[in-house]
Amino acid sequence: MPEGRPAIPAELRRRVLVEAGHRCAVPTCRQHPVDIEHIEDWAKVKKHEFENLIALCPTCHRRKGSGPDQIDRKALRQYKANLAVLNSRYSDLERRLIELYAELFRTGKAAPTTPPVIPLSTGSWLHLMYLVKDGYLVQVQGQGAQVILGGIPALERYQLTPAGAEFVQRWAAAQPLTPVDDEA
C-alpha cells in the first residue's frame, strides 16, 4: 500500500468481496484470490468508496489500464454495474447458471444458438424463479434434448431461451444489463 494512503476499512472490503462472491469481478475470469482495486485511481480520488472499488484477481489487476489488451475504467464500471443487477435480482443458483453458460459459450463447448439442457434436482424451479420469470430460462421436457454434466439423472431440466443466451453474452462481454422491472 502506498505511503500515506489509509487502509480500506474492513467492512467496506467485506462489502466489495461479497458483491463479487469473493471472486474476480471480470465475468470471463472469476478467479480467486482477489485484490480490492480502485476503479478511478486512489491518487486521483483520495478516498475509499464502495462505488469506486472492485474485486480483481492479481492478473486482471495487472491488466487494468487504457492500452491495448488492458481492462479500462469504462469496462470496470460496467462489470461493477452488472454485478449490482445480478446480485439484486438473481439467486446464487441463477448466477452460477449464468456463469456456467458463459463458460460453455466462451470455450466453444456450446453455442448460444443451441444452449445445452442443464439437469437439476427436483425443486430447483424455486431457485430459478427470476431467470424463468424474466424469460431467460425455460423448463424442458422429453428425451430428445442434449444433457451435459455426465448425464446426471434429474427430474427437472432447464435451457436458456434465445433472450437468455443474449443476456449471458451481454454479461460476459461487459455490456450493460437492463434491470428487470417487476411492475411492468
Subject >> side chain to side chain contact (heavy atoms under 4.5 Å, CB included) evaluation trace for R5 with H48 >> reply: CA-CA 10 Å; R5 176 175 139 183; H48 303 305; 4.0 Å; yes

Original post:
Quick one: does E166's side chain have a donor or acceptor within less than 3.5 Å of a partner on A163's backbone?
Top reply: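 It does not hold such a pair.
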
Is any side-chain heavy atom of [X] less than 4.5 Å from a side-chain heavy atom of [Y]?
X: P115; Y: Y101; value: yes
X: Y136; Y: E94; value: no
X: P116; Y: L104; value: yes
X: V138; Y: V140; value: yes
X: L120; Y: L128; value: yes
X: L53; Y: H38; value: yes
X: L12; Y: I36; value: no
X: Q78; Y: R73; value: no

Original post:
Do L86 and I98 pass the side chain to side chain contact (heavy atoms under 4.5 Å, CB included) test, and can you show the C-alpha distance, the side-chain angles, and the key distance before you say yes or no?
Top reply: CA-CA 10 Å; L86 290 180; I98 291 166; 3.7 Å; yes

Original post:
Step by step, would you call R96 with E99 a salt bridge (charged side-chain N to carboxylate O under 4.0 Å, His left out)?
Top reply: CA-CA 5 Å; R96 288 173 187 254; E99 288 179 17; over 6 Å; no

Report the distance from atom [atom1] of [X] to atom [atom2] of [Y], rounding to the nearest 0.5 Å.
X: D134; Y: F167; atom1: CG; atom2: CZ; answer: 7.5 Å
X: Q139; Y: Y158; atom1: CD; atom2: OH; answer: 4.0 Å
X: I8; Y: E49; atom1: CD1; atom2: CD; answer: 12.0 Å
X: L76; Y: I54; atom1: CG; atom2: CD1; answer: 5.0 Å
X: I118; Y: R157; atom1: CD1; atom2: CZ; answer: 11.5 Å

Under a 4.5 Å side-chain heavy-atom rule over Ile, Leu, Val, Met, Phe, Trp and Tyr, are [X] and [Y] clustered together?
X: V85; Y: L160; result: yes
X: W171; Y: L137; result: yes
X: L100; Y: L177; result: yes
X: V18; Y: Y90; result: no
X: L97; Y: F105; result: yes

How close do [X] and [Y] get, counting heavy atoms only, and between which atoms?
X: P58; Y: P33; result: CD-O, 3.4 Å
X: P112; Y: A165; result: O-CB, 3.4 Å
X: A55; Y: V16; result: N-CG1, 3.7 Å
X: A172; Y: T28; result: O-CG2, 3.6 Å
X: Y79; Y: A174; result: CE2-CB, 2.9 Å
X: I39; Y: E51; result: CD1-O, 4.0 Å

Is [Y] paired with [X] through a side-chain N to carboxylate O contact shorter than 4.0 Å?
X: R106; Y: E103; result: yes
X: D92; Y: R95; result: yes
X: R63; Y: D72; result: no
X: K80; Y: E19; result: yes

Subject >> Intermediate values then yes/no, side chain to side chain contact (heavy atoms under 4.5 Å, CB included), C29 and T59 >> reply: CA-CA 9 Å; C29 179; T59 300; over 6 Å; no

**OP:** Quick one: list whatever passes ring pair (Phe, Tyr, Trp, His ring centres under 6.0 Å) with H127, sequence neighbours left out.
**Re:**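 Testing H127 for ring pair (Phe, Tyr, Trp, His ring centres under 6.0 Å), a comparison that skips the adjacent residues, returns none.
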
Original post:
Applying the side chain to side chain contact (heavy atoms under 4.5 Å, CB included) test to L56, which of E37, Q31, R23 qualifies?
Top reply: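 Among the candidates, only E37 passes.
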
Subject >> Distance-only side-chain donor-acceptor flag, H61 / D35, under 3.5 Å >> reply: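 Yes, a side-chain donor-acceptor pair sits under 3.5 Å.
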
Original post:
side chain to side chain contact (heavy atoms under 4.5 Å, CB included) between D41 and K64: does it pass, once the steps are laid out?
Top reply: CA-CA 10 Å; D41 292 330; K64 179 186 168 196; 2.7 Å; yes

Original post:
Residues two or more places apart in sequence or in another chain: which of them pass salt bridge (charged side-chain N to carboxylate O under 4.0 Å, His left out) with R170?
Top reply: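 For R170 there are no salt bridge (charged side-chain N to carboxylate O under 4.0 Å, His left out) partners, ignoring immediate neighbours.
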
